[in-house]
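Step one of this worksheet: look at the structure below.
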Amino acid sequence: MSATDHSPAAGVLLLCRAEPDRVRPSAQLLREPLLLAPAGEEWTVLVPGEDAWHAEGASPAALTAEWAHALTVAEPWPAVGLWWDAEGAGFVVATGFRRTVGYTWLADGSPLGEESAMTALRARLGLDPVLDAEAFDRLTLPDSDADAAARVLGLVAVLARAGLHLPPGLTPGTGAAGLRAAADAAPEAEPVEWPGWRTMVRDGLDASERGPLGRWVRGPRARALGAAEVLAGVSLWALGRRGGRRGLRTAGAVLVADGALTLAYDVWRSRER
């Protein structure tokens, strides 16, 4: 089978260890047709559209690794990508700038990977170092009764111990069309669409302002802080000029610039509303 000759039974699921609101901005940056749905406490599942992973020259395994890495490159939470097709199945796990690792089973369930990938999966998800490690180890042993899809189902069962609960119908081994239909029917499922850079930047600023330091970014406290920086900066600059001290002048200029930017940002955001 060629890299682009995907069988009807091929599919991809992206599991993110974070709530949907935290996953949505990263998912939008993929600029792919996706459906997003809650998948248990602090879990979100993303289902790519059937056309999203028919890229020329790319296999489901490679695209899954690419998407998982892109989802987490600027995030603190990990993502697990599951993939399967006529030739086998497997997973990848990605976290931030750490190396994305994966594991593959052939169609008959024969393991084809390094146990270090299982170790990385357990560690990055914060799973039990004893009980869950034993369950993962069993997935790397020969088993004539378990094909590739059964192996991935076993992996999902282990992740369920960490709170993962996939919506009905999102079952490894199901084809892309079936996955999409099941995701459409899932409670609280929503399409993820690219909103454009302007909206993305605005949403990012909104998120920053809602954060723990938001009151110092915009609003009365931010304006007071900006004004104080400007006044302090002017005083330092004047003192440095009289005393011929370049360091004080530089520090004063920096404070003035930072305070002015804080004030200008508050005015700009107020006009944006």
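- Once rounded to the nearest 0.5 Å, the distance linking SG of Cys16 with CH2 of Trp77 reads 4.5 Å.
- Scanning both residues, Val152 and Ala89, for their nearest heavy atoms gives CG2-CB, 3.5 Å.
- With sequence neighbours left out, Arg138 forms a salt bridge (Lys or Arg N to Asp or Glu O under 4.0 Å) with no residue at all.
- Qualifying side chain to side chain donor-acceptor pair (under 3.5 Å) partners for Ser116, counting only residues two or more places apart in sequence or in other chains: Glu114.
- Within the structure, no pair that satisfies the salt bridge (Lys or Arg N to Asp or Glu O under 4.0 Å) test touches residues 64-73, not counting sequence neighbours.
- Minimum interatomic distance between Arg122 and Asp128 (heavy atoms only, all atoms of both residues): CD-O, 3.4 Å.
- To the nearest 0.5 Å, atoms OG1 (Thr95) and CZ (Arg124) are separated by 5.0 Å.
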Subject >> Derivation and outcome, side chain to side chain contact (heavy atoms under 4.5 Å, CB included), residues Arg151 and Phe91 >> reply: CA-CA 10 Å; Arg151 297 287 199 172; Phe91 75 84; over 6 Å; no
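- Linking ILVMFWY side-chain heavy atoms closer than 4.5 Å, directly or via other members, places Trp67 and Val92 in two distinct hydrophobic clusters.
- With a 4.5 Å cut-off on side-chain heavy atoms, Val45 and Leu36 do not count as touching.
- With contacts defined as side-chain heavy-atom distances shorter than 4.5 Å, the pair Glu32/Pro48 does not qualify.
- Residues Leu127 and Leu159 have side chains in contact (heavy-atom distance under 4.5 Å, counting atoms from C-beta outward).
- When side chains are defined from C-beta on, Thr174 counts as touching Thr171, because their heavy atoms get closer than 4.5 Å.
- Distance alone, capped at 3.5 Å, places no donor-acceptor pair between the Ser110 side chain and the Leu106 backbone.
- In this structure a side-chain-to-backbone donor-acceptor pair under 3.5 Å is missing from Thr44 to Ala37.
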**OP:** Could you walk me through whether Thr104 and Trp83 pass the side chain to side chain contact (heavy atoms under 4.5 Å, CB included) test, one step at a time?
**Re:** CA-CA 9 Å; Thr104 298; Trp83 64 269; 3.7 Å; yes
Only pairs under 3.5 Å count here: list side-chain donor-acceptor contacts from residues 175-186, not counting sequence neighbours, and write none if there are none.
| residue | atom | partner | partner atom | Å |
| --- | --- | --- | --- | --- |
| Arg180 | NH1 | Val47 | O | 3.2 |

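- Side chains of Val12 and Leu82 form no contact here, defined as non-hydrogen atoms less than 4.5 Å apart.
- Here the shortest heavy-atom pairing between Thr72 and Pro78 reads CG2-C, 3.9 Å.
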Subject >> Chi angles and distances behind the side chain to side chain contact (heavy atoms under 4.5 Å, CB included) call for Leu46, Leu71 >> reply: CA-CA 11 Å; Leu46 293 168; Leu71 280 170; 3.8 Å; yes
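- Rounding to the nearest 0.5 angstrom, the gap separating the CG atom in Leu30 from the CG atom in Leu14 is 7.5 Å.
- Applying the salt bridge (Lys or Arg N to Asp or Glu O under 4.0 Å) test to pairs two or more places apart or on separate chains, those with a residue in residues 12-30 are Asp21-Arg24, Arg24-Glu190.
- Between Val156 and Pro172 the shortest side-chain heavy-atom distance falls below 4.5 Å.
- Counting heavy atoms from C-beta on, the side chains of Trp84 and Leu13 come closer than 4.5 Å.
- Considering every non-hydrogen atom in both Ala117 and Gly102, the closest pair reads CB-O, 3.3 Å.
- Contact check for Val73 versus Phe97: side-chain heavy atoms found under the 4.5 Å cut-off.
- Considering every non-hydrogen atom in both Val101 and Ala120, the closest pair reads CG2-CB, 3.7 Å.
- With sequence neighbours excluded, the residues that form a ring pair (Phe, Tyr, Trp, His ring centres under 6.0 Å) with Trp105 are Tyr103.
- Looking at every heavy atom in both residues, Pro38 comes nearest to Pro167 through O-CG, 3.7 Å.
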**OP:** Would you please test Phe136 and Leu155 for side chain to side chain contact (heavy atoms under 4.5 Å, CB included) and show each step?
**Re:** CA-CA 7 Å; Phe136 284 139; Leu155 177 62; 3.3 Å; yes
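- If you take CD on Glu134 and CG on Leu139, they are separated by 12.5 Å, rounding to the nearest 0.5 Å.
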